[in-house]
Participant: 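First the structure, which I've put down as structure tokens, then a few questions once you've had a look.
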Amino acid sequence: MSAEPIVRKVACPGSFDPVTNGHLDIIGRAAGLYDEVVVAVLINRNKSSLFTIEERMAMLTEVTAGYGNVRVDSFYGLLVDYCRANQIPVIIKGLRAVSDFDYELQMAQMNRGLAGVDTVFMPTNPEYSFLASSLVKEIATYGGDVSSLLPVSVYKRLLSRLDEIHRPDGEQR
């Protein structure tokens with residue numbers, strides 16, 4: 001009698017608005033540790049995003065194409081419900097600083113209590129310890145150079161989107 005192989009799956013959740021090199025660092029390292037990494041993009045209808053869910057998923061699919069064990073999906077509602085429905089026992093979270101840990105520990109304990117889903121914390125590469133999508137968008141909005149913080153294709157899309165929003169005639173899409 002042969003047992004079915006155990007597939008080690010992990011969810012890497014986030015809003016990814018847009019995906020940064022810091023996100024890719026965590027996704028890539030997780031891909032080296034797990035058989036399958038599901039990049040789970042949160043659909044948050046109460047939060048305005050620069051990119052649509054479809055655009056964020058397309059960007060993630062493009063920049064993670066080099067990993068054979070990464071797939072991109074979206075979810076709405078509780079992450080633990082998504083994990084349970086997709087038989088994902090572990091969530092991986094990147095930690096940039098101690099301030100991240102306080103919040104993430106509370107969420108990890110809640111997720112464990114709600115659904116038995118464990119959380120693995122991975123410290124970010126120090127090169128990206130300050131990096132957040134919101135900061136990237138803010139700096140780019142005021143003309144700051146964020147090209148080293150994003151994959152090239154994402155950087156181009158960010159500039160294009162900001163150009164659409166801030167057209168001289170005030171027209172917004």
Side-chain angles (χ1 to χ4, degrees), residues 5-47 49-51 53 56-140 146 148-151 154-155 158:
I6 297 172
V7 177
R8 297 172 304 140
K9 293 171 74 172
V10 67
C12 186
S15 57
F16 305 102
D17 187 39
V19 60
T20 68
N21 287 339
H23 294 128
L24 286 180
D25 174 56
I26 297 298
I27 293 167
R29 290 162 59 200
L33 297 171
Y34 289 89
D35 298 320
E36 182 178 351
V37 177
V38 179
V39 179
V41 183
L42 171 64
I43 300 170
N44 185 345
R45 294 186 179 124
N46 297 321
K47 184 177 176 185
S49 300
L50 187 60
F51 294 100
I53 188 72
R56 288 180 273 153
M57 290 180 66
M59 286 188 277
L60 278 160
T61 300
E62 178 186 326
V63 299
T64 60
Y67 300 105
N69 61 343
V70 174
R71 87 178 153 88
V72 178
D73 198 3
S74 64
F75 73 100
Y76 176 78
L78 295 177
L79 177 59
V80 290
D81 290 340
Y82 175 81
C83 288
R84 249 194 313 232
N86 290 278
Q87 299 171 335
I88 301 172
V90 179
I91 297 166
I92 193 162
K93 296 292 292 186
L95 295 178
R96 294 170 292 190
V98 173
S99 56
D100 285 349
F101 181 75
D102 289 337
Y103 174 77
E104 294 298 346
L105 177 63
Q106 191 175 24
M107 287 302 299
Q109 291 169 333
M110 180 63 77
N111 290 337
R112 177 77 182 148
L114 284 173
V117 175
D118 281 314
T119 301
V120 172
F121 298 119
M122 181 176 283
T124 60
N125 182 324
E127 183 179 352
Y128 306 120
S129 64
F130 62 92
L131 190 51
S133 294
S134 58
L135 183 59
V136 166
K137 288 184 289 192
E138 184 176 346
I139 298 299
V146 295
S148 65
L149 307 174
L150 303 170
V154 173
Y155 175 67
L158 174 64

Participant: Do the charged groups of Lys137 and Asp17 touch, with an N to O distance under 4.0 Å?
Facilitator: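 Asp17 and Lys137: salt-bridged.
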Participant: How far apart are the closest heavy atoms of Ala11 and Ile88, and which atoms are they?
Facilitator: N-CG2, 3.4 Å
Participant: Check the pair Thr119 / Glu104 against side chain to side chain contact (heavy atoms under 4.5 Å, CB included), numbers first and verdict last.
Facilitator: CA-CA 9 Å; Thr119 301; Glu104 294 298 346; 5.8 Å; no
Participant: Is there a side-chain contact between Arg8 and Pro89, using heavy atoms and a 4.5 Å cut-off?
Facilitator: no
Participant: I would like to know whether Met59 and Val63 meet side chain to side chain contact (heavy atoms under 4.5 Å, CB included); could you show each step before the answer?
Facilitator: CA-CA 6 Å; Met59 286 188 277; Val63 299; 5.6 Å; no
Participant: Please identify which of these residues, Val19, Val41, Val72, Val39, meets the side chain to side chain contact (heavy atoms under 4.5 Å, CB included) condition with Arg56.
Facilitator: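 Among Val19, Val41, Val72, Val39, the one that satisfies the side chain to side chain contact (heavy atoms under 4.5 Å, CB included) with Arg56 is Val41.
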Participant: To the nearest 0.5 Å, how far apart are CG in Leu105 and CZ in Phe121?
Facilitator: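 Between Leu105 CG and Phe121 CZ, I get 5.5 Å after rounding to 0.5 Å.
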Participant: Report all side-chain donor-acceptor pairs from residues 22-30 shorter than 3.5 Å, counting only partners two or more places apart or in another chain.
Facilitator:
unit_1 : atom_1 : unit_2 : atom_2 : d
His23  : ND1    : Thr20  : N      : 2.9
His23  : ND1    : Thr20  : OG1    : 3.2
Asp25  : OD2    : Arg29  : NH1    : 2.9
Asp25  : OD2    : Asn125 : N      : 3.2
Arg29  : NH1    : Pro123 : O      : 3.0
Arg29  : NH2    : Pro123 : O      : 3.1

Participant: So, applying side chain to side chain contact (heavy atoms under 4.5 Å, CB included) with Ile53, which one of Ile43, Leu42, Asn44 is it?
Facilitator: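 With Ile53 as partner, side chain to side chain contact (heavy atoms under 4.5 Å, CB included) holds for just one option, Ile43.
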Participant: Would you be so kind as to tabulate the donor-acceptor pairs closer than 3.5 Å made by side chains of residues 77-86, with sequence neighbours excluded?
Facilitator:
unit_1 : atom_1 : unit_2 : atom_2 : d
Asp81  : OD1    : Arg84  : NH2    : 2.8
Tyr82  : OH     : Asp73  : OD2    : 2.7
Asn86  : ND2    : Tyr82  : O      : 2.8

Participant: Over all heavy atoms of both residues, which pair between Ser148 and Asn21 is shortest? Give the atoms and the distance, please.
Facilitator: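 Minimum heavy-atom contact is O-ND2, 3.0 Å.
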Participant: Taking Arg96 for the side chain and Thr124 for the main chain, is one N or O donor matched with an acceptor at less than 3.5 Å?
Facilitator: no
Participant: Kindly state each residue pair satisfying salt bridge (Lys or Arg N to Asp or Glu O under 4.0 Å) with at least one member in residues 37-46, sequence neighbours excluded.
Facilitator: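 Checked against salt bridge (Lys or Arg N to Asp or Glu O under 4.0 Å) - neighbours excluded - no pair reaches residues 37-46.
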Participant: Rounded to the nearest 0.5 Å, how far does CD1 of Ile91 lie from CG of Asp118?
Facilitator: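 So the gap between those two atoms works out to 9.0 Å.
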Participant: Evaluate side chain to side chain contact (heavy atoms under 4.5 Å, CB included) for Val10 paired with Val120, printing each intermediate quantity in order.
Facilitator: CA-CA 9 Å; Val10 67; Val120 172; over 6 Å; no
Participant: May I have all residue pairs that pass salt bridge (Lys or Arg N to Asp or Glu O under 4.0 Å) and include part of residues 123-133, sequence neighbours excluded?
Facilitator: none
Participant: Residues in salt bridge (charged side-chain N to carboxylate O under 4.0 Å, His left out) with Glu138, at least two apart?
Facilitator: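 In terms of salt bridge (charged side-chain N to carboxylate O under 4.0 Å, His left out), with neighbours along the sequence ignored, Glu138 is linked to no residue.
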Participant: When rounded to the nearest 0.5 angstrom, what distance separates CZ in Phe51 from CG in Leu60?
Facilitator: 11.0 Å
Participant: Verify the neighbour count for atom OH of Tyr103: are there more than 12 heavy atoms of other residues, nucleotides or ligands below 6.0 Å?
Facilitator: no
Participant: Do you know which two heavy atoms are closest between Ile92 and Met122, and how far apart they sit?
Facilitator: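 Where Ile92 meets Met122 most closely, the heavy atoms are CD1-CE, 3.7 Å.
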Participant: Holding to salt bridge (charged side-chain N to carboxylate O under 4.0 Å, His left out), I want the full list of residues that pass it with Lys9, two or more places apart in sequence or in another chain.
Facilitator: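 Partners of Lys9 under the salt bridge (charged side-chain N to carboxylate O under 4.0 Å, His left out) test: none.
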Participant: Of the non-hydrogen atoms in Ala31 and Tyr67, which two are nearest, and what is the gap between them?
Facilitator: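 Heavy atoms of Ala31 and Tyr67 come nearest at CB-CD2, 3.8 Å.
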Participant: Mind listing the closest non-hydrogen atom pair of Phe16 and Ala40 along with its distance?
Facilitator: CE1-O, 3.8 Å
Participant: Using the side chain to side chain contact (heavy atoms under 4.5 Å, CB included) rule, take Asn69 and Tyr34 through it: C-alpha gap first, then chi angles, then the decisive distance, then the call.
Facilitator: CA-CA 8 Å; Asn69 61 343; Tyr34 289 89; 5.6 Å; no
